[in-house]
Amino acid sequence: MSVDWKSAQDFDRDHIWHPYTSMTRPTPVWAVESASGVRIRLADGRELIDGMASWWSVIHGYGHPDIRAAMHEQVDRMSHVMFGGLTHAPAVELAQRLVALTPEPLDKVFLCDSGSVSVEVALKMAIQYWQARGHPGKHRMLALRNGYHGDTFGAMAVCDPVTGMHHLFRDSLQPHLFAPAPECGFHDDWDAGDIEALAVLMEAHHRELAAIILEPIVQGAGGMRFYHPQYLREVRRLCDRYGLLLIADEIATGFGRSGRLFACEHAGVVPDILCLGKALTGGMLTLGATLTTSEVAHTISGGGAGCFMHGPTFMGNPLACRTAVASLDLLEAGDWQRRVSALEAGLRRGLAPAAALPGVADVRVLGAIGVVELDQPVDMEDIMPRFVEAGVWVRPFGRLVYVMPPYVMDPTDQAHLTGAMVDVLGAVLTRAQ
Ligand SMILES: *Cc1c(COP(=O)(O)O)cnc(C)c1O
């Protein structure tokens, strides 16, 4: 494809929505020509070291040859076929792998289009489950403040009401219940008071609650906060006591990002329903999966509808499933644990100097996630060109300047990435004084 980038960018600005942007005052976008390994190549020839892994997903780097080969093979065989009444090796193999990788007794797999859809599926499973058990009144959800679960309506209704701007959609969103966000940090001493508000809510409302949905250990887009594993163990205990399903949204944390294959493992907790997405295909294509137990699946299937009421057009897309299997092959054959530990050490070392900058509230690292939290939101129009100029791709969000690099990033690139973050932050924060 040969493109006149000047006119392409003009067209882009005038006609194409980007995530969470204005059509009248769009923030700048950079044109990408290609990407490989941990580098994004811009149309103007500059190369950026990628700190974002395209929002948690590109864990093996861009264009890994093994995944590309699997995709080529699958495209030539069959890119897509409907999943109603038909099945195929990529879906079967992927489901086998997911059942084997995730803790027992999660053994039923629903393949869907994206993270948000996997959350929709999970919420519907919880509602159908309680209907089938003769408790149709248990249809509301409990969620955590600072949580993020996606942009579709069902998912949006369980996102943090403030950052998710519930007031804009008040009349269109299901009114769910929200517990305060966990305060006790991952590395802090456990404070039993941290779970009290949630326990009170569950006790008061369990008759109308189908499930609690949360991001285990790492609250992502809603604040990049790392909370205490004991909190999750207490949630599991309370769910069992009051009869709520536990939905773990591991769309961001799944596949090693937090230092464990799944973040629930930090607490030794098994959810009733597990949502996966993002890194599932190694960032090559969109795909989601919702896993549940035989108990939940059989109960739903014995209910009034006699089936689970969901089935998207591109369900179980063979190309996406084959891509996911290739990504899981790499993950399982590779030494992701050592790489994530090395990244954790590199991020901790590299970002530490940011803690001394004026206007920095906190610097924290867990697994291959590094966060610099500021006192004030960044000025995107000012800071983005500075990162690009420094040769890195970092895209802050509000007061959070964070990275979750591909696991394959070597120490030299790690040092360049964190060094550029500290330098750019130093320049903008010192000037703001
Ligand atoms: C990204 C994300 C989602 C939504 O996934 P999409 O693929 O963007 O729909 C849901 N939950 C969490 C925790 C996420 O990080």
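Order of listing sets the numbers, starting from 1, for every ligand and every atom in it. Heads up: numbering here begins at 1 and tracks the sequence. Keep in mind the model is a prediction, meaning the values are calculated, not measured.
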Report task. Using a strict cut-off of 4.0 Å, indicate which atoms of ligand 1 neighbour a heavy atom of Gly150. Result -> 4 (C), 10 (C)
Requested in this report: With Tyr62 as reference, evaluate Ser54, Ser36, Ser34 under the side chain to side chain donor-acceptor pair (under 3.5 Å) test and give the passing residue.
Outcome: Ser54
Requested in this report: Answer yes if the ring centres of Phe178 and His166 are under 6.0 angstrom apart, and no otherwise.
Outcome: yes
Query raised in the report: Short question: side chain of Lys138, backbone of Gly243 - any donor-acceptor pair under 3.5 Å?
Result: yes
Query raised in the report: Can you tell me the protein heavy atom closest to atom 12 (C) of ligand 1 and the distance?
Result: Asp249 OD2, 3.4 Å
Requested in this report: Tell me which part of Trp55 gets within contact of ligand 1: side chain, backbone, both or neither, using heavy atoms under 4.0 Å.
Outcome: neither
Query raised in the report: Do Gly115 and ligand 1 have an N or O pair less than 3.5 Å apart?
Result: yes
Query raised in the report: Less than 6.0 Å separating the ring centroids of His80 and Phe314?
Result: yes
Query raised in the report: For Ser294 and Lys108, what are the C-alpha separation, side-chain angles and deciding distance, and is it a side-chain hydrogen bond (donor to acceptor under 3.5 Å, both in side chains)?
Result: CA-CA 6 Å; Ser294 289; Lys108 299 286 189 275; 2.9 Å; yes
Query - Identity and separation of the nearest protein heavy atom to atom 8 (O) of ligand 1 - result: Ser116 OG, 4.3 Å
Query - From the candidates Glu250, His149, Gln219, the one that places a heavy atom nearest atom 10 (C) of ligand 1 - result: His149
Query - Centroid-centroid distance, His88 to Phe83, less than 6.0 Å - result: yes
Query raised in the report: What atoms in ligand 1 come closer than 4.0 Å to a heavy atom of Lys278?
Result: 1 (C), 2 (C), 3 (C), 14 (C), 15 (O)
